[in-house]
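Worth knowing before you read on, the calculation uses all heavy atoms, side chains too, and leaves out hydrogens, waters and symmetry mates. Proteins get letters first, then strands, A, B, ... in listed order; numbering begins at 1 in each. These numbers come from a predicted model, not from an experiment.
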Number of protein chains: 2
Amino acid sequence: MDESNEKSSTPGRDAGVPKAVVNRLSLYLRELEHLLRGGQQTTSSHQLGRVLGFTDAQVRKDLAYFGHFGHPGIGYRCDELVAAIRRILGTDQPWTVAIVGVGNLGRALLGYRGFSERGFRIVAAFDTDASKVGSQIEGVEVFHVDRLAEVARAHRLRLGVIAVPAAAAQHAADQLVAHGIEGILNFAPVTLSLPDHVRRVGVDLAIELEQLTFAVANRLGGE
Amino acid sequence: MDESNEKSSTPGRDAGVPKAVVNRLSLYLRELEHLLRGGQQTTSSHQLGRVLGFTDAQVRKDLAYFGHFGHPGIGYRCDELVAAIRRILGTDQPWTVAIVGVGNLGRALLGYRGFSERGFRIVAAFDTDASKVGSQIEGVEVFHVDRLAEVARAHRLRLGVIAVPAAAAQHAADQLVAHGIEGILNFAPVTLSLPDHVRRVGVDLAIELEQLTFAVANRLGGE
DNA sequence: TAGATTGTTAATCGATTAACAATC
DNA sequence: TAGATTGTTAATCGATTAACAATC
């Protein structure tokens, strides 16, 4: 929503793929991994759609944007489709990530297991607070923001996560951009101004609650 | 997308309002508050659209779903529009929230200032870990999940936030639902199965990074 | 073969944009 | 009055769904 939750595609070089489709791809992937853990070998557009609340036609259409992954009469082999979606999303290869801001939220993100499970490696954290700089949190070293250039180069950093207070977010973003970061996941409740070549996803925790509130108050479909 | 970030409306009793519109409403609100802090009295659909990356027509159309908030020739008075959007979203009145799960993420959420700034009051936290139960975190008491019924009644709880591990999320959701919670903000990376009358919003942190990854790898519009 | 399920086309539905009269 | 800007209609654009031949 927001930064966070934009709906339609505003492509650059594009591939003709609506953002909503890519979003559902992540959900398919999550569900497929869940099915695999439960020992299920194959699934169908019907099953995936039922669990996630989509029509079977939509599931098939979404996947067909990217290729032929199914087997008529059979369905989709979970492991095949997992591999295919990972390749599409780009998470078949590891991505290095840095987190800027080691407050409550930054620390929680540093300890979040889900990132590594999904192929992301948090290789560095940054802060300006001298009492934090030099420490290790969840096995990740905390650097002063001044050392961004050096660390970004050393790790070939491509993604940055902003977990600083709102007032510091634009400055943090500028520094990330200056050092070649290509994408920013922004948890600060501000609209960042970024050059066109830098991708962004925004998550505003209060806005998520706000959206839930509206859904409850109006008995709307909540997600 | 996902639980998190669904695109189109799947209404219940509905009001004919697409979910994308409600989502943008939150962004307008955030921006208007930012403008007000900067001392700006009025704004226009053109200005709001430019900052947030929408067309002016879309801004006007979104707002027009709910009433006549602008002044032809003048624009929108920021304070008026803020009040109007808060009323629409339901955040002109306080909402009590409980957080289930006091791990890294739960603790970060308990300390997140943005919630109270937006009209949410976290009145209780729950966990099953005896070493946490009875303590206070960020001024919020941690109860054993067994006391959900009692606390929910005492505080007239309507919203719950799930910040437990994936394996425990469905059980946590079931308990919240059993005690009358009307909306769930789910941070666990699972698709919850919920009765129709309960609203939900899902935020999967790894999926957000995954979406960013795709945007970077494909040079797509990032948000 | 009968049953299941895909990939794809055409039809439907919904959301965004452009344009403009009305208003300040 | 001239300039700015809204609210709204009609036109465009895009996304979802239904249907079905092809396949296993």
Side-chain angles (χ1 to χ4, degrees), chain A residues 1 5-11 14-25 27-28 32 35 40-78 80-81 84-85 88 220-221, chain B residues 1 5-11 14-25 27-28 32 35 40-78 80-81 84-85 88 220-221:
Chain A
M1 165 175 1
N5 297 323
E6 266 321 291
K7 307 293 125 153
S8 62
S9 52
T10 321
D14 205 3
V17 186
K19 195 159 313 168
V21 172
V22 182
N23 212 46
R24 287 192 295 265
L25 235 42
L27 292 177
Y28 301 150
L32 286 160
L35 292 174
Q40 204 172 318
Q41 307 274 320
T42 68
T43 185
S44 64
S45 57
H46 182 76
Q47 181 184 33
L48 278 176
R50 180 169 37 74
V51 176
L52 294 169
F54 309 132
T55 64
D56 56 338
Q58 178 149 75
V59 174
R60 292 197 300 279
K61 194 108 205 289
D62 284 347
L63 296 172
Y65 269 100
F66 304 96
H68 296 194
F69 306 119
H71 305 274
I74 308 292
Y76 301 89
R77 281 200 248 285
C78 296
E80 276 180 15
L81 193 51
I85 295 179
I88 295 162
L220 283 174
Chain B
M1 17 206 150
N5 297 326
E6 265 321 295
K7 306 294 126 156
S8 64
S9 53
T10 321
D14 205 5
V17 186
K19 195 158 312 168
V21 173
V22 182
N23 211 49
R24 288 191 295 266
L25 235 42
L27 292 176
Y28 301 149
L32 286 161
L35 292 174
Q40 204 172 318
Q41 307 273 317
T42 67
T43 186
S44 64
S45 56
H46 183 77
Q47 182 184 32
L48 278 176
R50 181 169 38 73
V51 176
L52 294 169
F54 309 132
T55 64
D56 57 338
Q58 178 150 75
V59 174
R60 292 197 299 279
K61 194 110 208 285
D62 285 347
L63 296 172
Y65 270 101
F66 304 97
H68 297 195
F69 306 118
H71 305 274
I74 308 292
Y76 301 90
R77 280 199 249 285
C78 296
E80 275 180 15
L81 193 49
I85 296 179
I88 294 162
L220 282 173

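Atom pair Phe69(B):CZ and dG7(D):C1' shows a separation of 12 Å (rounding to whole Å applied).
The shortest distance between the side-chain N/O atoms of Tyr76(A) and the OP1/OP2 oxygens of dG7(C) is below 4.0 Å. Applying the 4.0 Å criterion to OP1 and OP2 of dT6(D), one finds that Arg60(B) has a side-chain N or O inside that range. Distances shown here put every side-chain N or O of Ser45(B) at or beyond 4.0 Å from the OP1 or OP2 atom of dT5(D).
Comparing atom distances between the Ile74(B) side chain and each of dT16(D), dC24(C), dT6(C) picks out dC24(C) as nearest. For Pro18(A), the listed nucleotide lying nearest its side chain is dA15(D); candidates were dA15(D), dG7(C), dT17(C). Comparing dA22(C), dT16(D), dT8(C) against the side chain of His68(A) picks out dT8(C) as the nearest. With distances taken from any side-chain atom of Arg24(B) to the nucleotides dA22(D), dT16(C), dA22(C), the minimum falls on dT16(C). Comparing dG7(C), dT17(D), dT16(D) against the side chain of Thr55(A) picks out dT17(D) as the nearest. Side-chain proximity of Ser44(B) to dT6(C), dT5(D), dT16(D): nearest is dT5(D).
The closest side-chain heavy-atom distance from Ser45(A) to Tyr76(A) is below 4.5 Å.
Minimum interatomic distance between Leu52(B) and Tyr28(B) (heavy atoms only, all atoms of both residues): CD1-CD2, 3.5 Å.
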Take Leu63(A) and Ile85(A) through the test side chain to side chain contact (heavy atoms under 4.5 Å, CB included) and record every step on the way to the result. CA-CA 9 Å; Leu63(A) 296 172; Ile85(A) 295 179; 4.3 Å; yes

One pair to check against side chain to side chain contact (heavy atoms under 4.5 Å, CB included): Phe66(A) and Val21(A). What are the steps and the verdict? CA-CA 10 Å; Phe66(A) 304 96; Val21(A) 172; 4.0 Å; yes

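Shown here, dA10(C) forms a base pair with dT17(D); the pair counts as Watson-Crick or G-U wobble because both key distances fall under 3.5 Å.
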